[in-house]
Amino acid sequence: MTLSDFLGALKDNPYFGAGFGLVGVGTALALARKGAQIGMVFFRRHYMITLEVPSRDKSYHWLLSWITKHAKHTQHLSVETSYMQHESGRVRTQFDFHPSPGNHIIWYGRTWIRVERTREKQMVDLHTGTPWESVTFTAFGRNRQIFFNILQEARELALKQEEGRTVMYTAMGAEWRPFGFPRRRRPLSSVVLENGVAERIVEDVKEFISNPKWYTDRGIPYRRGYLLYGPPGCGKSSFITALAGELGYSICLMSLSDRSLSDDRLNHLLSVAPQQSIILLEDVDAAFVSRDLLPTENPMAYQGMGRLTFSGLLNALDGVASSEARIVFMTTNFIERLDPALIRPGRVDLKQYVGYCTHYQLTHMFQRFFPLESAAEGERFAAHSLAAHTELSAAQVQGHFMLYKMDPAGAIDNVAKISK
Ligand SMILES: Nc1ncnc2c1ncn2[C@@H]1O[C@H](COP(=O)(O)OP(=O)(O)O)[C@@H](O)[C@H]1O
Ligand SMILES: [Mg+2]
């Protein structure tokens with residue numbers, strides 16, 4: 001038998017040939033793989049640090065902006081479109097790019113950090129109805145300080161974007177979510193109320209905020225309620241927005257006629273409202289009209305879902321116990337429709353009528369709009385307006401001025417044309 005015959009026989013023999021060789025290599029490979037896995041686990045456990053941030057965490061959105069800023073070169077983005085309608089009716093949209101789900105590598109603090117954004121397809125956050133998401137940061141080393149630094153930076157970045165702005169929150173499920181852009185602060189002086197009215201409220205709120213001790217010393221819950229009432233378009237909402245700006249507070253806007261609002265949810269929301277915010281309940285008179293429909297007209301109630309009851313609202317207002325100053329503003333166009341229980345002292349501590357324009361308001365609005373005109377012209381405008389109309393809202397006057405932007409004399413001469 002020649003050597004080649006021998007080799008040929010070996011090759012043909014299934015046992016010695018392919019079989020034996022493969023088993024050997026296979027075992028070695030499996031062992032190597034196992035070893036590598038164990039090594040990797042060991043390595044990850046001892047030489048890498050990770051931080052997972054779920055989308056429910058407050059810092060999640062800050063971190064997304066931070067990642068966008070640092071992962072400048074990433075080619076994989078997702079878009080978040082915000083849409084805002086200005087009070088004047090102008091609509092502004094803005095596209096915010098965020099890193100898309102997947103992996104991104106960021107160079108930070110002299111090391112590489114892997115950022116993985118994951119989105120669960122099957123899991124939905126029941127509170128908000130959005131897909132469950134998280135970002136995970138992975139870095140070499142053992143120094144957790146790097147994550148603290150990142151969180152800190154992300155927070156500062158977010159605060160900087162909010163500087164000079166008023167953040168609006170709405171209730172989403174069991175939590176408060178910022179909605180739209182933070183708006184540029186509206187100066188208090190741009191809302192012209194009757195002489196002394198704005199000052200009275202501002203003084204009251206500031207006094208309240210600066211005196212937590214007075215309340216704790218007496219065992220009185222540290223909260224204060226305000227009610228602004230009067231016809232529409234006279235500045236209730238605008239004033240509250242401007243006040244929030246003046247205080248550097250955000251606004252938690254809540255609609256009591258939201259059908260998914262139950263006693264429990266309201267209670268919970270009031271207790272978890274962001275710090276330094278004003279809780280704003282608009283049109284409180286409307287809340288219980290639409291709710292007390294027949295069960296057939298209100299399917300939610302019919303299905304036995306919880307819903308807001310009047311006593312639930314009172315309890316929620318009374319139960320707001322927090323060490324933070326809790327400020328609740330309510331507005332209504334019809335104070336006579338409100339149950340006296342809702343606006344008794346302790347729930348509403350200060351009531352203020354915000355009504356149609358007075359002589360004082362008209363002169364001041366004119367002067368603000370046409371700063372180059374003499375005070376006498378302002379007086380003349382006010383006198384003419386009041387002679388022609390008994391009920392003029394500030395919104396109407398503002399609309400009128402817009403028609404005569406460059407023509408103050410025309411604004412005065414045509415006061416009779418101010419339309420509803
Ligand atoms: N007192 C006011 N001074 C300046 N502008 C006002 C005043 N009242 C209302 N406006 C303007 O009219 C519009 C509607 O006002 P808004 O605050 O929503 O009224 P309300 O909440 O009382 O119904 C806003 O664009 C606001 O700028
Ligand atoms: Mg309003």
Side-chain angles (χ1 to χ4, degrees), residues 84-92 166 168-170 179-180 183-202 225-246 249 251-258 278-287 289 327-338 348 350-371 373 378 381-382 385-386 389 391-405 408 411 415 418-420:
M84 185 175 89
Q85 184 154 22
H86 195 256
E87 277 164 5
S88 63
R90 195 160 45 90
V91 171
R92 209 177 79 180
T166 306
M168 305 280 280
Y169 290 91
T170 48
F179 90 102
R183 302 166 177 211
R184 188 159 310 132
R185 276 186 198 160
R186 178 171 182 153
L188 260 178
S189 58
S190 77
V191 186
V192 184
L193 301 184
E194 173 56 336
N195 198 2
V197 167
E199 291 77 5
R200 173 175 174 235
I201 303 172
V202 173
Y226 298 83
L227 175 73
L228 303 187
Y229 63 99
C234 292
K236 298 182 293 296
S237 308
S238 321
F239 175 75
I240 297 167
T241 315
L243 175 70
E246 165 81 15
Y249 272 41
I251 292 183
C252 292
L253 186 63
M254 174 138 207
S255 164
L256 292 182
S257 42
D258 173 355
I278 288 177
I279 301 208
L280 175 54
L281 309 175
E282 291 260 37
D283 302 316
V284 276
D285 56 277
V289 182
I327 302 170
V328 179
F329 267 87
M330 300 185 222
T331 69
T332 180
N333 297 339
F334 308 98
I335 192 174
E336 68 283 357
R337 291 190 192 164
L338 297 182
V348 168
L350 189 152
K351 296 186 199 69
Q352 178 61 52
Y353 174 69
V354 178
Y356 291 121
C357 288
T358 61
H359 187 90
Y360 174 91
Q361 280 169 284
L362 290 164
T363 47
H364 280 79
M365 284 183 75
F366 186 88
Q367 278 168 4
R368 259 196 74 83
F369 210 90
F370 304 109
E373 296 300 298
F381 171 75
S385 308
L386 291 174
H389 304 272
E391 297 177 343
L392 264 187
S393 72
Q396 284 170 279
V397 175
Q398 182 175 286
H400 177 70
F401 286 160
M402 297 297 285
L403 298 176
Y404 297 92
K405 267 190 207 128
V415 279
I418 297 182
S419 56
K420 271 273 170 205

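The first residue of the sequence shown is numbered 1, and numbering continues consecutively from there. These numbers were taken from a predicted model, which means no experiment stands behind them. Each ligand, and each atom within it, is numbered from 1 in the order the structure gives.
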(message) Rounded at 0.5 Å granularity, tell me how far NZ in Lys405 sits from CZ in Phe370.
(response) 10.5 Å
(message) For the CD atom of Gln361 and the CG atom of Leu193, what is their distance to the nearest 0.5 Å?
(response) 6.0 Å
Run the numbers for me: atoms of ligand 1, each under 4.0 Å from some heavy atom of [X], listed by number.
X	value
Val192	1 (N), 2 (C), 3 (N), 4 (C)
Gly233	8 (N), 9 (C), 19 (O), 20 (P), 22 (O), 23 (O)
Lys236	17 (O), 19 (O), 20 (P), 21 (O), 22 (O), 23 (O)

(request) Just do the side-chain contact (heavy atoms from CB on, under 4.5 Å) check on Met254 and Leu280 with the steps written out, would you? (result) CA-CA 6 Å; Met254 174 138 207; Leu280 175 54; over 6 Å; no
(request) Let me know which of Asp283, Thr241, Asn333 forms a side chain to side chain donor-acceptor pair (under 3.5 Å) with Lys236. (result)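 Only one of Asp283, Thr241, Asn333 forms a side chain to side chain donor-acceptor pair (under 3.5 Å) with Lys236, namely Asn333.
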(message) Check whether His389 reaches the backbone of Ser385 with its side chain - one donor and one acceptor, N or O, closer than 3.5 Å.
(response)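 Checking the backbone N and O of Ser385 against the side chain of His389, no donor-acceptor pair under 3.5 Å is found.
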(request) Between Glu194, Gln398, Arg186, Gln361, flag the one that comes closest to atom 11 (C) of ligand 1 by a heavy atom. (result) Gln398
(message) As a check for students: among Gly235, Ser238, Ser190, identify the option with a heavy atom nearest to atom 4 (C) of ligand 1.
(response) Ser190
Would you say [X] and ligand 1 have an N/O pair spaced under 3.5 Å apart?
X	result
Phe239	no
Leu193	no
Pro232	no
Asn333	no
Val191	no

(request) Kindly indicate, with the supporting measurements, whether the criterion side-chain hydrogen bond (donor to acceptor under 3.5 Å, both in side chains) is fulfilled by Glu282 and Ser237. (result) CA-CA 8 Å; Glu282 291 260 37; Ser237 308; 2.9 Å; yes
(request) Would you please classify the geometry between the Phe329 ring and the Tyr226 ring as parallel, tilted or perpendicular, with 30° and 60° separating the classes? (result) parallel
(request) May I ask you to check whether Thr331 brings an N, O or S atom to under 2.8 Å from the Mg ion (ligand 2)? (result)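 No.
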(request) Establish, yes or no, whether a centroid distance under 6.0 Å links the rings of Phe381 and Tyr404. (result) no
